[in-house]
Trainee: 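Pasting a structure here, questions to come.
Sequence lines set the chain letters: A, B, ... in the order given, protein chains first and strands last, and positions in each chain run from 1.
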Amino acid sequence: MTLTLGLASLFLAFLCAIYGAVVALIAAPRKATAWVESARNAAMLTWPLITLAALSIIIMLVKGQYDVEYVTHVSSRAMPWYLKVTALWGGQAGSLLFWSWLMSAFTSAAMLRRWDRDRSMMPYVIAASMITLAFFLSLSLFVENPFQRLWQNEITGEIGPALLQPANSSLFTPLDGNGLNPLLRHPGMIIHPPMLYLGFVSFIIPYAFAIAALATGRTDDEWIRTTRRWTLVAWLFLSLGLILGGRWAYDVLGWGGYWGWDPVENAALLPWLTGTAFLHSVMIQEKRGMLKVWNMILIISTYSLVILGTFLTRSGVLSSVHAFAQSAIGPLFFAFIGITFAISMGLLFHRWDSLKSETQLDSLLSREAAFLLNNLLFLGVAFATLWGTLFPIISELVTGQKVTVGPPFYNQVNGPLLAAIVLLMGVAPLVAWRKASARSLGRLMWIPAVLTLVALVAFYLLGARSFGALLGYGIATFVGLTTLSEFARGVRARMRLGENPALALINLAARNRRRYGGYVIHLGVVVMAFGVVGSYMFQQETQATLNRGETLSLGGFTMKFDSVAQFNTDDRREVTRATVSVFDAGGSPVGVLHPRRDFFLDSGQPMTIPGVRSTLGEDFYVLLVDWQPISSNSATFKIYVNPLINLVWWGGIIFIIGTLVAAWPDAAEEKRYVSAPAGVATRSVGAD
Amino acid sequence: MAQTAVSSGVTPVVKKGGRAKFLIGGLLIVAAIVYLIATSTQSTAQYFLTIQELKDRGSSLVSQDVRVSGAVVAESIQYDAQKLELRFTVASVPADQKEIDAQGGLAAVLNAAVNDPNAARMDVIYNGVKPDLMKGEAQAIMDGHVDENGLFHADTLLMKCPTRYEGAVPSQAAP
């Protein structure tokens, strides 16, 4: 019953998406308002329908309907109810459906907004988003259907999944399921995929508006203004997804790091990179009417990379620790990416003439030039990352030999480029629009520069002796100081109007959310940069097998192995848990840690949970990697000292707060926008 | 503040040198990035070989950094916890996805490789902790080099189990 209902809703949602796309496309040029309304209703209907489909899977997961293949794959009786619910995105078929569900939520929400401003564009917004949705729903229906049940052939005894009962077969109901992959049973994993997916799917909205702008010829800034907040929200979720993914890797994968340039990590980073470039370059279009073609290319690429990212994580085309099982959806994805990209670019060429710049670049030393450089660098990182990720495929196509590049490649290429981006982040906000003078720039920068030199001496004396580390710290310090000086400048200006400093700061940020939210994001990046440089340059590790009472020292810490115990838990885990005491350089105890190894009896898979003593200065990270029979009291540990790693997470939190400030709705801004007469672009050149 | 309405009626003065300046600057940066990518690709590229290919190339690849993958032979796994030394044997599996699919998927290919007496085999030594997924018929993906005796010294060891994300159908059936 539940199954039939879910499957039927999924199919209806697919029909609605097709209907919406086709009707919108037919009605748009004829200005058939009633038909467009009908397409809009169909688009909005997809969300409740997919919600029903997703709910029915959740019900089957919680109830344990194990004749359904997907339920058997990702859940088991022993799993707590909340994991059964999140198992919806714990496997291929379910996560695809979940993806569609989030996407239809976003598109339905976009349909609900007021239509009067951009009535002519909406049919194309419906078409672009519904075609994408229909594609994903067709995968869920015809290739990776989560509603398939298990059937046993009565003659051969073979068991296989099918939607409808095959001939000579009967329903096969396992007593229990395999259970969710242990690696996914972590709070970070419960929220990381939804955040990442939200980031992925919400980029569909600005893309759909861009396509609508191209299709209707309304290639002014309308589409950018309309989708500004959508873009920021998409970017917010994608950033959150990336940060949470890093945290999950650090807590669960047990290799002492948080980012490994794994193909799947790269797949999520790619749209973030082009999206970040887009967020910056739309500002030039809004202020100066330039880069219109460029912005179109950026949003189209971001969309294509979102689809590519979804594809890379699912097709198993690249070896990755994340790789899902092989499946048939690869070629379909490739075709879809190719077709949408070709159509988008075709539309862009069609409207090329109307996308001419309204103004010219004046000077190499100008905010515009800085933004251009920012874009080049971001695209450089994106291209290098894409190149590295696809290199095994490219090399195999060209030479017939599979050649891979690993983390050293990314460190060599993206390291300097990212450092340049961070440095630019500190300089660009000080550079005036149109034309800046070196003298005025010098006036704004000399205090941060001098303070940075002082800080570098301090870092050196504190023990940071490597050139790379000093360079990294120096850039981060300088950028942090220039960004803070921007706040100071604004606050001082308001104080002259008679406000006290705290009020001045609040008003400053509240009246100019985008700008100061952006600066808070920059400060978050600076804090993360300290964490990344510290943990990358000064990470220490060692490993040893210890008998009870023996010690192991690393980075000023000493660890004593006290005991190891083994016990079983109710959720069918065999836990081996060590107790170690940690002492600082002076020999005083600083904590007791419990690194452990969980062995999941159902799936036969172990999982290593580190014991971590975390301070702002460094993490002492202990892994229990092996042990001899418990009676012999010896165990093998791997320990890491990760300096400043906590700054990565704190920087991430600041980063997210900044994004929230920038994305927060601003009534005053809305009013300005609405009151602007149609067709007149308001560009406040001097205001910013 | 000042609202500058930029309308199409105002023809901007195009300075000839202005555009060229930006083009040259942009091209220089693009060239630098391309150069960085090209040289780094060259210096960090690693051949991804099957064990069969590695054996075929013989001594030409001794002490060169390569990446190989193979199926772990269960009986061969030896682990010395005190010295943190892991030794095992891997059997050659095809790297080509089409070939793997044709033979019934990765799990089937790995199973066939360890049971095939004619499959090329290679001994591996790895100094480090035994990975969680180190067991028979798992796929080991290793970076490292071969020495003169044909022993592979793995610097990194990544394990992949084909059943990891999408498990097999459990055996217990309802009556």
Side-chain angles (χ1 to χ4, degrees), chain A residues 72-73 91-92 150 159 172-178 181 288-289 317 319 321 324-326 358-362 364 369 372-373 376 380 383-384 387 391-392 401-406 408-409 412-413 416-417 543 545 603 605-608 625-626 628 636 638 680-687, chain B residues 1-8 12-15 18-19 21-22 25-26 29-30 33 36-37 39-41 43-49 67 69 79 81-84 95 97 100-101 105-106 128-130 132-133 141 143 156 158 160-174:
Chain A
T72 298
H73 273 329
Q92 168 107 297
L150 292 165
I159 301 163
F172 177 84
T173 311
L175 281 177
D176 200 355
N178 292 333
N181 181 333
R288 300 291 317 273
V317 67
S319 325
V321 286
F324 281 83
Q326 297 296 323
E358 293 160 27
T359 50
Q360 289 283 320
L361 283 165
D362 296 315
L364 277 178
L372 276 180
L373 183 57
L376 274 182
F383 181 74
W387 172 258
F391 192 66
Q401 180 69 59
K402 205 168 190 176
V403 185
T404 61
V405 293
F409 168 79
Q412 264 181 40
V413 178
L417 292 179
Q543 54 192 25
T545 301
S603 58
Q605 193 180 321
M607 175 167 161
T608 306
V625 289
D626 200 18
Q628 280 61 57
T636 309
K638 188 160 189 171
V680 174
T682 52
R683 300 212 167 80
S684 46
V685 173
Chain B
M1 294 240 175
Q3 297 276 323
T4 318
V6 183
S7 68
S8 51
V13 185
V14 182
K15 282 172 277 180
R19 235 187 133 82
K21 204 161 61 180
F22 280 92
I29 292 164
V30 171
I33 293 173
L36 192 60
I37 291 174
T39 51
S40 302
T41 306
S43 65
T44 61
Q46 256 183 340
Y47 282 99
F48 204 142
L49 300 169
R67 173 177 280 201
S69 88
Y79 179 53
Q82 284 301 321
K83 288 182 359 201
L84 292 172
Q97 195 55 52
I100 292 174
D101 290 340
L106 189 57
V129 175
K130 190 171 97 171
D132 291 346
L133 298 168
I141 301 169
D143 295 332
T156 64
L158 183 84
K160 208 167 140 188
C161 274
T163 52
R164 192 155 165 195
Y165 279 83
E166 306 273 309
V169 179
S171 51
Q172 63 270 55

Trainee: Which heavy atom in B:L84 sits nearest to a heavy atom in A:Q543, and how many Å separate them?
Mentor: CD1-CG, 3.3 Å
Trainee: Using non-hydrogen atoms and a 4.5 Å limit, figure out which bit of A:T404 sits close to chain B: side chain, backbone, both or neither.
Mentor: both
Trainee: Going by the rule side chain to side chain contact (heavy atoms under 4.5 Å, CB included), which residues pair with B:L49 if we only count those two or more places apart in sequence or in a different chain?
Mentor: A:Q401, B:Y47, B:E53, B:L54, B:R57, B:L61, B:V66, B:V68
Trainee: Out of B:I29, B:T156, B:T39, B:T44, which one racks up the most heavy-atom pairs below 4.5 Å with chain A?
Mentor: B:T44
Trainee: Distance from A:F383 atom CZ to B:I33 atom CD1, nearest 0.5 Å?
Mentor: 10.0 Å
Trainee: Against chain A, work out which of B:G26, B:S43, B:S40, B:G128 has the most heavy-atom pairs shorter than 4.5 Å and name it.
Mentor: B:S40
Trainee: Please report the interatomic distance CD1(B:I37) to CH2(A:W387), rounded to the nearest 0.5 Å.
Mentor: 8.0 Å
Trainee: Not counting sequence neighbours, which residues clear salt bridge (charged side-chain N to carboxylate O under 4.0 Å, His left out) with B:D143? List them please.
Mentor: B:R67
Trainee: Considering only heavy atoms, which portion of A:L376 lies under 4.5 Å from any heavy atom of chain B: side chain, backbone, both, or neither?
Mentor: both
